[in-house]
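These notes are about the structure you will find just below.
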There are 2 protein chains.
Amino acid sequence: MDKKSLSEDCLRNLRGIKDTQDLLSGKWKTSIIGALYHNGKFRFMELKRHIDGIAPKVLSKELKDLEMNRLITRKVRDTMPITVEYELTPQGKSLNKVINAMGEWGVRYRELMMKK
Amino acid sequence: MDKKSLSEDCLRNLRGIKDTQDLLSGKWKTSIIGALYHNGKFRFMELKRHIDGIAPKVLSKELKDLEMNRLITRKVRDTMPITVEYELTPQGKSLNKVINAMGEWGVRYRELMMKK
DNA sequence: GCTAATTGTTACCTATTGGTAAGTAGTTAC
DNA sequence: GTAACTACTTACCAATAGGTAACAATTAGC
């Protein structure tokens with residue numbers, strides 16, 4: 001039926017790509033993970049300040065998504081006033097190759113586009 | 001004002017992450033690039049068959065986006081009937097680190113989720 | 001002459017995304 | 001007592017993404 005057909009390995013890989021894409025969907029998730037990756041921990045307002053342009057509602061929703069997928073943890077600390085810390089799980093940290101590659105590629109792409 | 005502040009390097013990196021995320025936005029772009037990466041070239045219908053569930057309208061739009069951002073090329077070959085070949089540009093190929101990392105991570109994530 | 005394939009386009013619809021602006025509830029500093 | 005900080009939530013709205021179904025224009029095979 002189809003002349004070219006991809007191997008089992010390729011198909012598994014493509015499904016992996018799709019899974020990752022789905023988990024990192026939306027405008028902000030990679031930025032959040034990137035920020036947490038650089039800094040270890042961040043509180044809600046710190047994240048909001050570092051991620052330029054994100055609305056609190058949206059940040060809140062993205063954090064919930066990431067928590068549900070076990071990429072970050074949310075820890076409420078009983079301080080005055082209450083502070084909340086967000087941190088990558090080992091799962092989330094294991095995204096570093098993806099995030100780093102995205103960062104490097106993006107920096108290079110921007111440089112290239114500037115030159116032209 | 002803000003106790004924790006990220007270095008110039010980190011900020012550039014975060015911007016790179018965001019740029020990459022924006023270029024790869026949507027449900028299908030990484031899948032398309034992944035497929036092209038594995039196979040070199042693909043025709044429209046071949047892509048459609050290999051990317052499970054994508055509608056022709058959507059595929060068409062995604063391909064236009066990718067072409068506009070110079071990640072793929074579109075070549076019309078004067079055969080009977082006309083065939084169209086899509087291929088990664090050097091720019092697009094340079095995304096391999098990102099795409100590979102996404103593929104590998106996704107495969108591992110799925111395995112982990114299966115076990116639990 | 002009918003069917004099927006090529007690469008798309010068009011019209012239409014809906015669900016989701018993402019944004020704004022305001023509010024909540026508690027605490028602290030001036 | 002009022003402003004400001006914490007971490008959010010709520011109501012509302014607009015734009016977009018993405019899907020379905022049908023169609024276009026050409027050619028080939030039966």
Side-chain angles (χ1 to χ4, degrees), chain A residues 1-5 17-33 35-36 39 41-69 72-87, chain B residues 1-5 17-19 21-33 35-36 39 41-69 71-87:
Chain A
M1 188 141 297
D2 216 351
K3 288 153 215 163
K4 294 175 188 173
S5 105
I17 292 170
K18 184 113 180 42
D19 285 350
T20 307
Q21 170 91 328
D22 288 349
L23 282 180
L24 301 182
S25 67
K27 272 178 78 174
W28 303 105
K29 292 203 184 66
T30 53
S31 297
I32 294 170
I33 295 173
L36 288 175
N39 208 68
K41 288 174 188 182
F42 263 133
R43 290 161 56 188
F44 189 85
M45 289 306 282
E46 286 174 338
L47 268 175
K48 183 171 153 16
R49 272 192 293 267
H50 281 300
I51 298 173
D52 198 39
I54 195 167
K57 186 196 99 170
V58 178
L59 177 55
S60 174
K61 187 243 173 194
E62 298 287 63
L63 288 171
K64 273 178 194 160
D65 285 355
L66 291 171
E67 200 192 351
M68 227 175 41
N69 290 324
I72 64 170
T73 55
R74 178 179 183 277
K75 216 178 270 172
V76 179
R77 306 196 50 208
D78 193 14
T79 52
M80 291 298 174
I82 278 177
T83 52
V84 180
E85 280 175 356
Y86 294 94
E87 197 172 354
Chain B
M1 188 141 295
D2 217 351
K3 288 151 213 163
K4 294 173 187 176
S5 104
I17 292 172
K18 184 113 183 37
D19 286 350
Q21 170 91 326
D22 287 347
L23 282 181
L24 301 182
S25 67
K27 271 178 80 173
W28 303 106
K29 291 203 185 67
T30 53
S31 298
I32 294 170
I33 295 172
L36 289 175
N39 208 68
K41 289 174 186 180
F42 263 133
R43 291 161 56 189
F44 189 84
M45 289 306 281
E46 287 174 337
L47 268 174
K48 184 171 151 15
R49 272 192 294 268
H50 281 299
I51 297 173
D52 199 40
I54 195 168
K57 185 196 101 170
V58 178
L59 178 55
S60 173
K61 188 241 172 196
E62 298 288 61
L63 288 170
K64 273 177 192 160
D65 285 354
L66 291 172
E67 200 193 349
M68 227 176 43
N69 290 324
L71 300 180
I72 64 170
T73 55
R74 180 180 181 275
K75 215 177 272 172
V76 180
R77 307 195 48 209
D78 192 12
T79 52
M80 291 296 171
I82 277 175
T83 53
V84 181
E85 281 175 356
Y86 292 95
E87 200 172 353

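To find a chain, count down the sequence lines: A is the first, B the second, and so on, and within it residues start at 1.
- In this structure, CZ of A:R49 is placed 15 Å from P of D:dA4, rounded to the nearest angstrom.
- If you check every strand for non-hydrogen atoms under 4.0 Å, B:K48 touches nothing.
- In this structure, A:D65 places its CG atom 11 Å from C1' of C:dT17, rounding to the nearest Å.
- For the pair A:I82 and A:K64, nearest-nucleotide mapping onto DNA chain D gives the more 5' position to A:I82.
- The CG atom of A:L66 sits 9.5 Å away from the NZ atom of A:K61 when rounded to the nearest 0.5 Å.
- Every salt bridge (charged side-chain N to carboxylate O under 4.0 Å, His left out) that B:E85 has, sequence neighbours left out, goes to B:K41, B:R77.
- Counting non-hydrogen atoms under 4.0 angstrom, A:R77 reaches nothing in the nucleic acid.
- At the phosphate of C:dT9, OP1 or OP2 sits under 4.0 Å from a side-chain N or O atom of B:S60.
- Residues meeting the side-chain hydrogen bond (donor to acceptor under 3.5 Å, both in side chains) test with A:D22, sequence neighbours left out: A:K18.
- For B:L63, the side-chain contact (heavy atoms from CB on, under 4.5 Å) partners two or more places apart in sequence, or in a different chain, are B:I32, B:F44, B:L47, B:L59, B:I72, B:Y86.
- Applying the side-chain hydrogen bond (donor to acceptor under 3.5 Å, both in side chains) criterion to B:S60, with sequence neighbours excluded, gives no partner residue.
- Protein atom CZ of B:R43 is 6 Å distant from nucleotide atom P of C:dT6, rounded to whole Å.
- For the pair A:D22 CG and C:dT17 P, the interatomic distance rounds to 11 Å; values are reported in whole Å.
- Looking at residues two or more places apart in sequence or on another chain, you find a side-chain hydrogen bond (donor to acceptor under 3.5 Å, both in side chains) between A:K29 and A:E62.
- B:M45 has its CE atom 11 Å from the P atom of C:dG8, to the nearest Å.
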Fill in the blank from the handout: Under a 4.0 Å heavy-atom criterion, the protein footprint on nucleotides 10-20 of chain D, written with B, S and -, is BB------BBB
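- Rounding to whole angstrom units, CG of residue B:L63 and P of C:dT7 are separated by 11 Å.
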